[in-house]
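Predicted, not measured: the structure shown is a model, and the values here were computed from it.
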Amino acid sequence: MNVVISHPAAPPFTQAVLHALHESRQLKRFYTSLAFSAEQLKNKPWQQMLRNRTISGIPACYIRNFYLAECCRLASGKIDRSGVWTDRVWEWSEHWFDRQVANALNSEVDACYSYEHICESTFQRAKELGIRTFYDVPAPETTQIRNLMAQEISNFPEMDNLWFQKTSEREPKRLARRKREWELADTIICASPFTRDTFAAVGYDTSKVKIVPYGAPEPISQESCRTGGTSETNKLNLIWAGTFSLRKGAHYLLEAWRQSDAGKFAELHVYGSSELPTTLADGNTAGISFKGAISRDTLMSRYEQADALIFPTLYDGFGMVVTEALSRGCPVITTHKAGASSFIRSGENGFIIDHANATAISECLEHCRTNRTELKTMREAARHSAARWQWSDYRKALLEKIKPVTS
């Protein structure tokens with residue numbers, strides 16, 4: 001089979017699909033905006049700068065870039081402080097990218113695999129050519145996300161801003177586009193039942209949805225697992241990975257931190273950008289340090305050093321930080337609103353707490369403080385959880401899910 005895949009970036013889940021198709025000799029082309037084969041960047045002076053745009057294990061001949069729109073989006077992001085204009089450029093870039101991929105399709109292609117908001121034109125062209133369509137939906141249904149954010153902003157009005165107001169105005173048109181893509185898809189791939197169920201709740205036809213959970217990175221050794229984390233004589237070492245934002249429940253963590261005066265017994269290292277207003281961080285937030293974005297390799301070592309990952313998300317289709325942390329033997333504190341919460345057995349390899357609940361977070365922090373030995377023993381269970389479902393398992397399962405359509 002000849003399958004093309006399109007995505008403006010190359011996140012780990014897209015690279016996993018690429019490898020599944022390449023290993024099964026089905027990959028025809030990967031259409032993207034700005035990504036490079038590792039062999040193209042080897043020993044180049046800009047290799048480190050483009051590390052997040054690198055695709056390992058896929059020959060350069062399979063990758064085709066459409067640079068223009070992405071370069072415009074990146075440039076806008078450098079000068080647009082509110083994000084409002086960048087959002088508009090992002091929308092234009094998604095549509096432009098979609099049209100380029102659609103124009104590149106031909107009768108030599110048997111199937112195309114793409115993602116939400118970037119494939120309406122692609123799927124329409126595919127239908128004209130008799131090409132099968134696979135629609136990968138990483139995120140939950142957006143209406144419910146917007147409603148949740150609006151409710152949170154009503155409770156925390158300091159989080160209201162021009163970006164949210166303007167993007168809310170644009171959302172109905174974007175939602176309609178995603179729905180048309182859903183209807184054009186022959187098969188839909190979701191990483192969790194949670195994601196699928198958010199679409200079912202608003203009337204989408206989910207009969208063509210296949211569930212394929214994202215895989216975990218290769219786990220560390222048992223010896224490294226045993227020596228990970230900190231000793232009981234040190235402060236509790238907690239890690240946050242990814243955007244520190246409303247949807248991830250960051251404001252509830254800050255409230256819980258103040259409630260429990262956690263800075264006296266714990267340290268929280270935040271790796272990723274912060275989208276919360278500085279006013280929310282006022283008050284007793286001693287012990288929280290914002291480290292900014294770091295490389296993936298460095299982040300993986302930070303998981304290994306941490307006593308627990310805290311991920312109190314309000315709404316997340318999966319949450320790959322969960323499986324990343326587990327692979328390093330790091331217990332995870334999260335909520336049922338993360339698709340990856342299915343990997344967590346509360347009290348064994350982490351804790352499931354109520355979402356949107358600062359008191360629940362505070363109580364969990366206190367439990368971790370007074371049960372350091374228990375937290376330490378969770379590390380092997382965490383590692384074992386990751387070992388049971390690897391990216392290789394994801395690739396195999398994905399091929400099985402699409403096999404009845406592409407055979």
Side-chain angles (χ1 to χ4, degrees), residues 80-88 90-91 116-117 137-179 192 194-195 197-204 240 242-262 268 270 272-285 288 290 310-319 321 333-339 341 352-365:
D80 175 26
R81 300 192 66 177
S82 71
V84 173
W85 176 246
T86 301
D87 177 76
R88 179 68 79 184
W90 165 81
E91 182 177 48
E116 59 179 357
H117 202 257
V137 184
E141 197 275 327
T142 55
T143 301
Q144 295 172 73
I145 295 175
R146 284 281 165 177
N147 291 342
L148 179 148
M149 293 178 69
Q151 179 61 48
E152 292 301 313
I153 287 173
S154 71
N155 295 331
F156 299 86
E158 59 266 54
M159 288 193 290
D160 196 10
N161 56 38
L162 184 62
W163 178 88
F164 182 75
Q165 296 164 13
K166 291 297 183 182
T167 56
S168 294
E169 294 171 5
R170 299 164 186 167
E171 189 57 32
K173 182 176 69 173
R174 296 170 181 177
L175 178 63
R177 177 183 175 88
R178 293 186 184 101
K179 191 165 188 178
S192 68
F194 175 76
T195 296
D197 294 346
T198 64
F199 287 91
V202 292
Y204 279 62
W240 176 293
T243 307
F244 200 71
S245 66
L246 179 154
R247 190 160 68 89
K248 305 294 184 181
H251 50 307
Y252 288 106
L253 174 56
L254 291 175
E255 185 179 343
W257 199 267
R258 286 189 283 264
Q259 279 182 10
S260 57
D261 200 10
L268 173 66
V270 178
S273 61
S274 176
E275 294 182 355
L276 294 187
T278 55
T279 53
L280 276 179
D282 290 345
N284 185 13
T285 55
I288 301 179
F290 292 86
I310 185 157
F311 184 58
T313 183
L314 306 184
Y315 211 73
D316 219 288
F318 191 77
V321 294
I333 303 167
T334 190
T335 73
H336 281 299
K337 294 297 184 177
S341 64
I352 300 291
I353 60 175
D354 291 339
H355 71 286
N357 190 326
T359 300
I361 299 173
S362 180
E363 289 173 352
C364 190
L365 293 177

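- Stacking of R170 on the aromatic ring of W85 is not recorded, the 6.0 Å distance cut-off and the 45° axial limit not both being met.
- Shown here are the side-chain contact (heavy atoms from CB on, under 4.5 Å) partners of N147, two or more places apart in sequence or in another chain: T143.
- Closest non-hydrogen pair, A256 versus A358, comes out as CB-O, 3.2 Å.
- Ion pairing between R178 and E171 holds under the 4.0 Å rule for side-chain N and carboxylate O.
- Side-chain atoms of F194 and P140, non-hydrogen and from C-beta on, do get closer than 4.5 Å to each other.
- With a 4.5 Å cut-off on side-chain heavy atoms, T334 and V321 do not count as touching.
- Looking at W257, its side chain never comes within 3.5 Å of a backbone N or O of Q259 through a donor-acceptor pair.
- For E363, there are no salt bridge (charged side-chain N to carboxylate O under 4.0 Å, His left out) partners, not counting sequence neighbours.
- Put simply, the side chain of I288 reaches to within 4.5 Å of the side chain of V270, judged on heavy atoms.
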Mind running side-chain contact (heavy atoms from CB on, under 4.5 Å) on R258 and T285 for me, showing each step along the way?
CA-CA 6 Å; R258 286 189 283 264; T285 55; 3.6 Å; yes
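- Put simply, the side chain of F311 reaches to within 4.5 Å of the side chain of D316, judged on heavy atoms.
- Under the 3.5 Å distance criterion, the side-chain polar atoms of Q144 are matched with a main-chain donor or acceptor of T198.
- Contact check for E116 versus P138: side-chain heavy atoms found under the 4.5 Å cut-off.
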Could you go through I352 and H336, starting from their C-alpha distance and side-chain angles, then the distance that decides it, and tell me whether this counts as side-chain contact (heavy atoms from CB on, under 4.5 Å)?
CA-CA 7 Å; I352 300 291; H336 281 299; 3.4 Å; yes
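- Side-chain atoms of W163 and D80, non-hydrogen and from C-beta on, never get closer than 4.5 Å to each other.
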Verify side-chain contact (heavy atoms from CB on, under 4.5 Å) between F156 and Q151, making sure each step is shown before the conclusion.
CA-CA 9 Å; F156 299 86; Q151 179 61 48; over 6 Å; no
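- With rounding to the nearest 0.5 Å, the separation of NZ in K337 from CG in L314 is 9.0 Å.
- Across every non-hydrogen atom of S192 and G317, the tightest pair is OG-O, 2.6 Å.
- Looking only at side-chain heavy atoms (C-beta outward), R247 and E152 stay at 4.5 Å or farther from each other.
- Nearest heavy-atom pair across T313 and A338 is CG2-CB, 3.6 Å.
- Classified by interplanar angle (parallel below 30°, tilted 30° to 60°, perpendicular above 60°), the ring pair F199/Y204 is perpendicular.
- A donor atom on one side chain and an acceptor atom on the other are found under 3.5 Å apart for R146 and T167.
- Considering CD1 of I361 and CD1 of I310, their distance stands at 5.5 Å, rounded to 0.5 Å.
- Within the model, atoms OH of Y252 and CG of N357 stand 8.5 Å from one another, a figure rounded to the nearest 0.5 Å.
- Under a 3.5 Å cut-off, the side chain of T243 and the backbone N or O of S273 do not form any donor-acceptor pair.
- Here OG of S341 is found 11.5 Å from CD1 of I353. Values are rounded to the nearest 0.5 Å.
- Rounding to the nearest 0.5 Å places OG1 of T195 at 8.5 Å from OH of Y315.
- In this structure, the side chains of L253 and W240 come closer than 4.5 Å at one or more pairs of heavy atoms.
- Note that CE of M159 and NE2 of H251 are 4.0 Å apart. Values are rounded to the nearest 0.5 Å.
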